[in-house]
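In what follows, chains are A, B, ... by sequence order, proteins preceding strands, each numbered from 1.
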Amino acid sequence: MKSFNEQCYFVLRKVPRGKVTTYGEIARAVGNPRAARAVGNAMNKNPHAPRLPCHRVVGSDGKMIGFASGIDKKIKILRAEGVVVEKEKIDLEKFFFRFGKL
DNA sequence: CATATGACACTAT
DNA sequence: AATAGTGCCATAT
């Protein structure tokens with residue numbers, strides 16, 4: 001069992017290209033549904049840098065938040081991944097990936 | 001060990 | 001619908 005943030009990175013790596021997830025979902029995937037904030041904190045540390053697709057993580061409403069490099073950059077990357085971003089938002093109904101959950 | 005910080009989520013207004 | 005306030009958790013100092 002690795003540290004909490006290590007698990008976050010692990011589950012985040014499972015997110016396929018062209019899909020996105022939320023901090024809360026990651027928190028849930030690691031067993032701490034209330035640790036959404038801690039997840040974002042782990043992403044900020046981002047010790048794995050470009051290896052970690054942290055740009056695929058959005059708010060619970062698909063709202064573009066986070067990304068120290070700039071939301072604009074994040075949106076750009078997501079669009080490049082094939083995700084449709086409108087008004088800094090994403091259709092979770094279409095691009096929300098679930099961690100092997102149903 | 002206690003305090004402070006932060007890329008969130010939820011509820012109420 | 002948008003904004004404000006509160007609660008939660010892990011990490012760093």
Side-chain angles (χ1 to χ4, degrees):
Chain A
M1 185 63 116
K2 292 284 188 180
S3 301
F4 175 83
N5 58 22
E6 289 284 323
Q7 295 173 70
C8 295
Y9 309 142
F10 183 72
V11 295
L12 179 55
R13 267 184 329 197
K14 296 198 286 191
V15 179
R17 178 174 167 281
K19 294 264 181 177
V20 297
T21 185
T22 69
Y23 298 92
E25 198 60 27
I26 293 175
R28 210 179 279 181
V30 298
N32 287 326
R34 310 264 156 98
R37 222 175 202 178
V39 173
N41 222 333
M43 297 298 113
N44 190 340
K45 308 287 185 84
N46 201 359
H48 294 279
R51 281 317 153 168
L52 209 72
C54 42
H55 55 264
R56 289 183 198 154
V57 189
V58 299
S60 55
D61 289 343
K63 182 70 171 66
M64 300 302 301
I65 50 184
F67 220 64
S69 305
I71 301 301
D72 180 58
K73 196 82 173 186
K74 185 169 177 176
I75 294 174
K76 198 172 181 180
I77 298 170
L78 284 169
R79 282 182 179 167
E81 299 265 307
V83 179
V84 180
V85 183
E86 300 234 353
K87 295 285 188 241
E88 299 186 341
K89 270 208 195 150
I90 300 175
D91 290 280
L92 292 180
E93 295 296 314
K94 298 176 181 173
F95 301 103
F96 183 67
F97 171 76
R98 297 183 194 207
F99 300 105
K101 215 134 180 220
L102 216 58

Any pair counted as ring pair (Phe, Tyr, Trp, His ring centres under 6.0 Å), so long as it reaches residues 10-38 of chain A, sequence neighbours left out: none

Would you give me the side-chain donor-acceptor pairs under 3.5 Å for residues 70-80 of chain A, sequence neighbours excluded?
unit_1, atom_1, unit_2, atom_2, d
Lys74(A), NZ, Val57(A), O, 2.3
Lys74(A), NZ, Ile65(A), O, 2.9
Arg79(A), NH2, Val85(A), O, 3.2

Counterpart residues, salt bridge (charged side-chain N to carboxylate O under 4.0 Å, His left out), relative to Arg17(A) (two or more places apart): Glu81(A)

NZ/Lys63(A): more than 12 non-hydrogen atoms of other groups inside 6.0 Å: yes

Residue list, ring pair (Phe, Tyr, Trp, His ring centres under 6.0 Å) with Phe4(A), at least two apart or on another chain: none

Between C1' of dA7(B) and OH of Tyr9(A), the distance in whole Å: 11 Å

Which distance, rounded to the nearest 0.5 Å, do you find between the CD1 of Ile90(A) and the CZ of Phe96(A)? 11.5 Å

What's the NZ-P distance between Lys63(A) and dA7(B), to the nearest Å? 14 Å

What are the bounds, 5' to 3', of the part of DNA chain C that sits under 4.0 Å from heavy atoms of chain A? dG7(C) to dA12(C)

Using the side-chain hydrogen bond (donor to acceptor under 3.5 Å, both in side chains) criterion, which residues pair with Glu6(A)? Sequence neighbours excluded. none

Spacing of Glu25(A) atom CD and Arg98(A) atom CZ [to the nearest 0.5 Å]: 7.0 Å

Between the protein and nucleotides 10-13 of chain B, which nitrogen or oxygen pairs are less than 3.5 angstrom apart?
none

Contact check, side chains of Asn5(A) and Val30(A), non-hydrogen atoms, under 4.5 Å: no

Apply ring-ring contact (aromatic ring centres under 6.0 Å, His included) to residues Phe95(A) and Phe97(A) and explain how you reach the verdict. CA-CA 6 Å; Phe95(A) 301 103; Phe97(A) 171 76; over 10 Å; no

Can you list, by residue number, the residues of residues 66-79 of chain A that have a non-hydrogen atom closer than 4.0 angstrom to DNA chain B? Gly66(A), Phe67(A)

For Lys94(A), enumerate each residue passing the salt bridge (charged side-chain N to carboxylate O under 4.0 Å, His left out) test, keeping only those at least two apart in sequence or located in another chain. none

Output side-chain donor-acceptor pairs under 3.5 Å for residues 38-49 of chain A, partner residues at least two apart or in another chain, one line each.
unit_1, atom_1, unit_2, atom_2, d
Asn46(A), OD1, Ala49(A), N, 3.1

Can you name the side-chain hydrogen bond (donor to acceptor under 3.5 Å, both in side chains) partners of Gln7(A), sequence neighbours left out? none

What residues from residues 31-46 of chain A pass a heavy-atom cutoff of under 4.0 Å to DNA chain C? Asn32(A), Arg34(A), Ala35(A), Arg37(A), Ala38(A), Asn41(A), Lys45(A)

Which whole-number value in Å describes the distance from Met64(A) CE to dA7(B) P? 15 Å

